Protein chains: 2
Amino acid sequence: MKKVTINSVAEYAGVSKKTVSRVLNNEPNVSPATREKVLKVFKELDYKPNPIARGLARNKSFIIGCLYDNPSKSYITRVQSGALEACHKFNYNLLIHPCELRGTELIENVGQLLTTSRLDGLVLTPPFSDSQELIDYLKTQDIPYARVASAIQDDSSISVRSNDEQGAFELTEHLILLGHKDIAFIKGHPDHSATEKRFSGYRNALLKHGIDFKSHLVAEGNFSYHSGADSAKEILDLDPMPTAVFASNDYMAAAVLKLATQRQLKVPEDISIAGFDNAPIARHIWPGLTTIAQPVEEMTRQAVEQLIMQISDPSTEVYQKVLEAKLITRESTAAR
Amino acid sequence: MKKVTINSVAEYAGVSKKTVSRVLNNEPNVSPATREKVLKVFKELDYKPNPIARGLARNKSFIIGCLYDNPSKSYITRVQSGALEACHKFNYNLLIHPCELRGTELIENVGQLLTTSRLDGLVLTPPFSDSQELIDYLKTQDIPYARVASAIQDDSSISVRSNDEQGAFELTEHLILLGHKDIAFIKGHPDHSATEKRFSGYRNALLKHGIDFKSHLVAEGNFSYHSGADSAKEILDLDPMPTAVFASNDYMAAAVLKLATQRQLKVPEDISIAGFDNAPIARHIWPGLTTIAQPVEEMTRQAVEQLIMQISDPSTEVYQKVLEAKLITRESTAAR
DNA sequence: ATGATATTTGACACCGGTGTCATAATGTCA
DNA sequence: TGACATTATGACACCGGTGTCAAATATCAT
């Protein structure tokens, strides 16, 4: 299998390299006859341009990097799947790069990534999308990036998020309307901006309905199943026990459900449990979890799509969007 | 921020490009003094070689591709995490490429991937690692690849798998020793070689203990939660109902557990349920699933590590390994 | 000191494309 | 038909490295 390069094509077609390059890139100023001829040779020799050479000449790699550090596997796969969809639409590829937010090496680590892969852009998922330090660094490197599910203010970069506050508000209201007054809340990871947003949605709903906020009903989680299990213990040990628990994501809610069931509590008869995200686990367990569907794939898809726009035309207006979250009721919540 | 290239380094250090290149690649035949001098300039100018230029010159990208099409999110993330570990150890990056096994475009799709990204190697995960068609194609493209969890015979390529048959045998035996005789089995996806292996482990255990194999106790699944739900219905509708169910993975087992619970059956008192893989969900639900721990990360890590070895030295002996699977007992199985 | 050999170094082509600019071919209008 | 604008084409440098090979220098034995 001999290698077919732009040179061989040019020679075979009897034109210059440059003309072949023009045809390749659909540039104007090629006569129809010549274009036709070259295209035929492409077919005949089964020519595929070398992306690396092209990358060198144009200083582009057609690769987008995805940064993440998230305890939820399903969140990651959803992010990836949205990102891939957008990438493939525009013939980009996706390189994944998990790393840790904490630790002084973050900047170094990302810098390493940038120099070793020459990415054309970066998608930041929480908690990176909320890291001011990282964002400041990226600005100095002038590499385009897009933030997913970030609540921090930065008008100069692409951002797509969903309305966490609104979602949490609706879910809390749902519980209140079912007659619950003692609603425990499990917070997410403090590094994620969604954590505060969801918490404030919860508080606002209580406020609106004239229910006193009680701080002893709030447990500190970090989105991991394990932290949910710890919080579950705290909450179920309370006396009197709250009649409902709202966990900031489905994994933690699943942990509450597990402990409740272990303790012979009936869900939702004895206690209602709700989560957030609509992760697969929410419907894989019994009873199914009432939760808030967050359009993770869609957020990421849009973010990456816009990122690619920005890469191909830096003058594109910076896209900032907030998508709606939606209440999904299942069997884990019921009237008091 | 001015760009620092090999030329500027050379000029600044007062040596030729080539000498800089030698230092860069730790090549011999550079006098200690010169090497020292160049290294100092590296630091001073904060020089980072351009991987794309290097890739063009050496026809290498330092990127490994990972092909998958698997309904289990947790399986995918485990695969990725093992692959990433190996990649980062050797300064490679990982590009992920989900695609569908079925459909005539597979070869075309992969071909496209290879020409648009110039990968240095490919990791195949099930069901791709079992696809003879794909493997034949890859051989014609002469790109190095490694197979993960594949049972098909191919001495010429790297393969790391775990002992599915043995694992299924042990799990079945565990159920038998608990006194179960009517043990239903839910098969996995027919495109995965593990499916037959697990099934045959199940049959062999029955055989060894003199229990008749009953085909009506076998349901056809495909590893997805959904298929598990369908199979669960079939099995729980049987009369008499079997006293134990062994699903070929944990997702399907979780579906059985959900339906059983919905039907007010007590697990494990009324029916024992077991899965395979030791996916996170196995311990996220109540009762926890008895299952077989499959070292997915470790398999992939080894496969990628060997792949990289092979890339850097094609004469490396082809690595083929079978790792052990391990029985994990939890609350979902009990004596009859 | 001399020649023989080993080590260090650099000039230059090359990887496979793209960008710039000059030149050739064609079209337009008075 | 000539003057000029427009379109088509190619020569050549360039992106930032690596490979080849010959020249320069150092090392060693005699």
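Computation of the quantities below employed the complete heavy-atom set of this structure, encompassing side-chain atoms and omitting hydrogens, waters and symmetry-equivalent molecules. Computed from a prediction, not measured in an experiment: that's the story for all the values here. A, B, ... follow the sequence lines: proteins, then strands. Residue 1 opens every chain.
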Hey, is the side chain of [X] poking within less than 4.0 Å of OP1 or OP2 on [N], counting only N and O atoms?
{"X": "A:T34", "N": "D:dT9", "value": "yes"}
{"X": "A:S21", "N": "C:dT18", "value": "yes"}
{"X": "A:T19", "N": "D:dG10", "value": "yes"}
{"X": "A:T5", "N": "C:dC15", "value": "no"}
{"X": "A:S31", "N": "D:dT7", "value": "no"}

| message | Between the base of C:dG10 and the side chain of B:K17, is one N or O donor paired with an acceptor at under 3.5 angstrom? | response | no

Ignoring hydrogens and angles, are the base of C:dG10 and the side chain of B:R22 linked by a donor-acceptor pair under 3.5 Å? yes

Can you tell me how far [atom2] of [N] sits from [atom1] of [X], to the nearest Å?
{"X": "A:K18", "N": "C:dT18", "atom1": "NZ", "atom2": "P", "result": "7 Å"}
{"X": "A:E11", "N": "C:dG16", "atom1": "CD", "atom2": "C1'", "result": "15 Å"}
{"X": "A:L24", "N": "C:dG19", "atom1": "CG", "atom2": "P", "result": "11 Å"}
{"X": "A:E27", "N": "C:dG17", "atom1": "CD", "atom2": "P", "result": "14 Å"}
{"X": "B:R118", "N": "C:dG16", "atom1": "CZ", "atom2": "P", "result": "8 Å"}
{"X": "B:L56", "N": "C:dC15", "atom1": "CG", "atom2": "P", "result": "9 Å"}
{"X": "A:K60", "N": "D:dC14", "atom1": "NZ", "atom2": "C1'", "result": "19 Å"}
{"X": "B:E36", "N": "C:dT8", "atom1": "CD", "atom2": "P", "result": "15 Å"}

Candidates [options] - which lies nearest the side chain of [X]:
{"X": "A:R54", "options": "D:dG19, C:dC15, C:dG17", "result": "C:dG17"}
{"X": "B:I6", "options": "C:dT18, C:dT9, D:dT18", "result": "D:dT18"}
{"X": "A:R58", "options": "C:dG19, C:dT9, D:dG16", "result": "C:dG19"}
{"X": "A:A53", "options": "C:dG19, C:dT9, C:dG16", "result": "C:dG16"}
{"X": "B:S16", "options": "C:dG17, C:dG10, D:dG17", "result": "C:dG10"}

Under 4.0 Å between any heavy atoms, over every strand shown, what does [X] touch: base, sugar-phosphate, or nothing? Just pick one.
{"X": "B:N7", "result": "nothing"}
{"X": "A:V15", "result": "sugar-phosphate"}
{"X": "B:N29", "result": "base"}
{"X": "A:N25", "result": "sugar-phosphate"}

| task | Ignoring hydrogens and angles, state whether a donor on the side chain of A:S81 or A:E297 is under 3.5 Å from an acceptor on the partner side chain. | result | no

May I ask you to check whether A:K60 and A:Y92 show a side-chain donor-acceptor distance below 3.5 Å? yes

Where do B:D69 and B:R102 land on the salt bridge (charged side-chain N to carboxylate O under 4.0 Å, His left out) test, with the steps shown first? CA-CA 10 Å; B:D69 171 18; B:R102 293 298 175 186; over 6 Å; no

field: A:E44 atom CD, neighbour heavy-atom count above 12 within 6.0 Å
entry: yes

Crowding at CD, A:E27 (>12 non-hydrogen neighbours, <6.0 Å): yes

Correct closest heavy-atom pair for A:A146 and A:A303 would be CB-O, 3.7 Å

